[in-house]
Amino acid sequence: MSTKLDRRMVLRGTLAGGVVSVGLPMLECFLNSNGTALAATGAALPVRFGSWFQHLGLNPGMWVPDKIGAGYQHNTQLKVLDEFRDRTNLFSGLKFSLDGRPHETHTSSVQIATTGIYGGGGPSLDSSIADVIGQRNRFRSLEVSLYGSRRSLSRRSATSINPAEPSPVALYTRIFGQEFQDPNAADFKPDPMVMARQSVLSPIADRRQDLEKKVSASDKRLLDEYFTGLREMEQKLAQSLEKPAPMPSCSVPGQVKEAKPGTVIDDVETNTIVFGKLLAYAMACDQTRVFNAEVGSQGLRHAGSTFTWHTATHEEATDEKLGYQKEVYAFVTGANKIFAAFLRSLDSMKEGPGSVLDRTIVLWQTDHGDARNHSLENVPLLTVGSAGGRFKTGMHLSLPGDPYARVSLTVQQAMGVPISTWGDRSNQTSKTITEMLA
Amino acid sequence: MKAGNFPGKWAALAYAGLGITGLAFTAAPASALESRTYVMWWFAQAAYSQDGDCGPGGINPKMVDQFVPNLKRLGYTGQQIEEIMKSGGRGDDDDGGPGGWETQKLRQIMETRARVEGKPVNAFMHPAAVIDPMLKTVVGKYAYGFNLDGKGADDATAFEDPQTHEKGVDNQLFRALGCVEAYRGTLENDNTYWSFMWMSQKDVTPAWLITLEGEDLSKDGPVTISMTRALEPPRYNGGGDPRADMTFREDSDPRTRGNVFKGQIKNGVVTIAEDSAHLHLMQDQLTYPEFDLGKFHVRWTLNADGSLNGLIGGYQPIDQTYFAIGQSGQVREGTGLAPELPGIYHAMRRMADGEPDPKTGLRLSISATYHLKAVPAFMVPAKEMVEARARAVGGVTPTAGSR
């Protein structure tokens, strides 16, 4: 007699007269032959996008590999990422352009990196990607703060910022609290409170057009933004009334500890691991497909010291024998270690034949080629993960003088954002990096 | 050259007019003189920091280690200082989140540590009203520069130039700043302050142009040196290297003009042959809004690849020099770019060696040396642009220099 295996199968037995059941781990037989879709439904496993912004660059001369193309070896400063090298693409030679406009240090380049536009006029690229891959999820994106601030580089528009969550406990509650619907649960009951909320919102929708006709153009823009948010809320409410698709790797993590807010580098690393795991769980349960994190802002420092990374970049002299700023080197390497810890958190969540990380592309960006002098040339950039095979990996791509936006354009296009160019003025590009497309 | 380089409605006609005088950019046929123009793409204070040049104990402490001494000088008790510094470890960063030392309280105390009539005032705008922390200054033997006062080897406060080994070199700005970490470096290993300053502004600050004119610039002989400012910033390739042979329009602003000096070329090195040359140029708000060097000297090497690099030096007004650094106050002091700003001011004052005030004897300027690098360029003289515009409208030719 054959037994049909599926993801919902549990092993049942008796213990002390009572029935006990134990769930199964994600088995390969639950998936199709490629491990990319559920065998039972044919539904593809989701692809995801993550943005990691690490301010203050890397140390010049310490990160560009000798070899270009596939099979490169990490230079000194990125060796901490060696375990992910085959899943990494490293870009060198990229450039931010000011086109004669003032160089607002740590600002202009961040705006260009995240929105493609000097001055930051549009949505950040994660928002554009979330509009494509994250619309059907509870959270279109999740922004986390690793050092206690609510600051975030993710934005819907120049004036509409997606604030970051500095508390792992709060994030846990948001994701796995009362409103969480286990996608693998056998039974599904729509939340009556949600139904009530939706019924309240419905009549409002009918009055929108009337109101928009009566206000000025600027107020109409504000109303548009407001109603966009309202529509998103409606969509989410509607989604929560539908039975979610099963997610084989989904499980609810145990309660997490609160973060130690602050800029001590060891605390930031601890916070990063906690947030990384929470995001991995959230993605495995398909609560979101897009996330943002930021590290290395101006206060990062070692325990017991008031000397910050940013201060070190500007105060420390270059060691003549070593050729770089020693303390800055230590900070950068520490931040890279934090990034590695974050990647490890995503990679530890297994999903099909790979991991959550494998179905994600994490875009690592920074603001300067050399923070010491705020240079905008030879700015490093990394991608880690293939987004479920959409990207080739394991390459060092040297693109001297090319707009930083080339990578952003390519990633957005591969994630389904319908654009042919990205950025403005000299930062604009229509040149997709075809070498990285699978 | 593209017509699009010219502004406004006169573009096409101006292009035609300038096309006639285009050759004059590089040569002046009437006098058969050879002329070469260069655009400056790098500018920094010339440092020659060596191990041990600040004496026993090394260089000055980092800014974070200067807070406690500052608080003591202000009269805070040990317990008060402990409280302030304790809060300094978990203060707010610029974004409102928990951050480093930059607490509002400590920041405010540091910002207002000057005292005028007993009242706290901005320390960066009133550095003389802050107690001199007596920063250490360079005691080493060597510094780049020029013998400005003519005293030569007899000058006890002077340096020896590590390139030429000339003695009696006056570079007291290096002496004053050279034990502050952000100012330490060499010509090859540029110092952090100037690397930051130049790289932050290089893409937007109007370029300085240098023109050499002589009978044969490949041979020894007299040369006329002109320095002026362009309307455009220097141009750089994608990788950040300077782009040579670009065309720049000369700024007709009278404040950038009049810098014409007699010089000479000997063995491929250009020097000034005047005793009382004075350089005055506009630069950038971030570095020197106005830049002056009295007893102006140069020592430039004409390189085989066509580039030019070397030193400029002279006496620079103290106020101009200090406020170029001190203008951003807390931003530069707090980020370590210019730690202990009032201390820097006092060090400059103590080291000042030029322009004695006839009444008080106070030295108003300080000897300084800067390092610059330049690549070949083309220049459209302001006079020709003015004339071309005048021809375009059929009007009277205004005098070059009018705007």
Side-chain angles (χ1 to χ4, degrees), chain A residues 93-95 97-106 145 147-151 164 166 260-264 267 297-301 303-320 323 325 327 368-378 399-403 426, chain B residues 47 49-51 59 62-65 67 85 88-103 106 180-186 188-205 232-233 236-241 285-286 332 334-339:
Chain A
L94 296 167
K95 175 182 169 61
S97 293
L98 298 172
D99 296 306
R101 293 164 294 184
H103 184 175
E104 294 182 36
T105 55
H106 303 297
S145 166
Y147 60 97
S149 166
R150 295 198 74 87
R151 168 178 154 147
K260 190 174 177 185
T263 52
V264 172
D267 295 339
S297 81
Q298 301 189 355
L300 207 67
R301 61 202 165 89
S305 170
T306 52
F307 189 58
T308 68
W309 181 4
H310 182 234
T311 302
T313 65
H314 292 315
E315 185 164 9
E316 191 181 14
T318 300
D319 186 290
E320 199 161 6
Q325 295 172 297
E327 296 198 52
H368 291 295
D370 183 3
R372 176 173 171 264
N373 56 28
H374 291 158
S375 68
L376 302 179
E377 295 93 12
N378 200 19
L399 306 168
D402 277 9
S426 297
Chain B
S49 301
Q50 302 294 303
D51 289 345
I59 63 174
K62 293 184 188 301
M63 190 62 223
V64 291
D65 297 321
F67 295 139
M85 293 308 294
R90 58 169 205 278
D92 291 342
D93 68 10
D94 292 343
D95 311 309
W101 67 267
E102 302 110 324
T103 58
L106 182 58
V180 176
E181 185 171 11
Y183 289 85
R184 291 181 66 77
T186 60
E188 297 76 26
N189 181 23
D190 54 76
N191 70 58
T192 296
Y193 176 87
W194 275 100
S195 183
F196 164 83
M197 296 312 304
W198 182 253
M199 295 293 282
S200 297
Q201 57 143 321
K202 69 181 178 65
D203 291 307
V204 291
T205 191
E232 298 82 10
Y236 296 85
N237 294 321
D241 299 324
Q285 293 300 324
L286 267 177
R332 289 191 190 172
T335 56
L337 261 177

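Predicted model, so just to flag it, every value in this text is computed and none were measured.
- At a threshold of 4.5 Å between non-hydrogen side-chain atoms, the residues A/Q325 and B/T192 count as touching.
- Within the 4.5 angstrom heavy-atom criterion, atoms from both the backbone and the side chain of B/D190 approach chain A.
- With sequence neighbours left out, the side-chain hydrogen bond (donor to acceptor under 3.5 Å, both in side chains) criterion links A/D402 to A/R406.
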Practice task
Evaluate the criterion side chain to side chain contact (heavy atoms under 4.5 Å, CB included) for residue pair B/E181 and A/E316; output intermediate values, then yes/no.
Solution key: CA-CA 6 Å; B/E181 185 171 11; A/E316 191 181 14; 3.5 Å; yes
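- Ranking B/S195, B/A182, B/S49 against chain A, the residue ahead of the rest is B/S195, based on heavy-atom pairs under 4.5 Å.
- Of all heavy-atom pairs between B/G238 and A/K95, the closest is O-CD, 3.3 Å.
- When side chains are defined from C-beta on, B/T186 counts as touching A/E320, because their heavy atoms get closer than 4.5 Å.
- In this structure, B/N191 CG and A/N373 CG are separated by 11.5 Å, a value rounded to the nearest 0.5 Å.
- Two residues are said to be in side-chain contact when any heavy atoms from C-beta on lie closer than 4.5 Å; A/H368 and B/M199 fail this criterion.
- With a threshold of 4.5 angstrom between heavy atoms, B/D241 does not approach chain A through any atom at all.
- Between A/H374 and B/S200, the shortest heavy-atom distance links the atoms ND1-OG, 3.6 Å.
- Looking only at heavy-atom pairs under 4.5 Å with chain B, the residue among A/G401, A/P166, A/A317, A/G93 that has the most is A/A317.
- For the set B/R184, B/R332, B/Q201, B/K62, the count of heavy-atom pairs under 4.5 angstrom toward chain A peaks at B/K62.
- A/E315 and B/P339 make their closest contact through OE2-CG, 3.6 Å (heavy atoms, listed as atom of the first residue, atom of the second, distance).
- Judged as a side-chain hydrogen bond (donor to acceptor under 3.5 Å, both in side chains), and not counting sequence neighbours, the contacts of A/T318 are A/R372.
- For A/T313, the part lying near chain B is the backbone, with the side chain staying farther off; criterion is any non-hydrogen pair under 4.5 Å.
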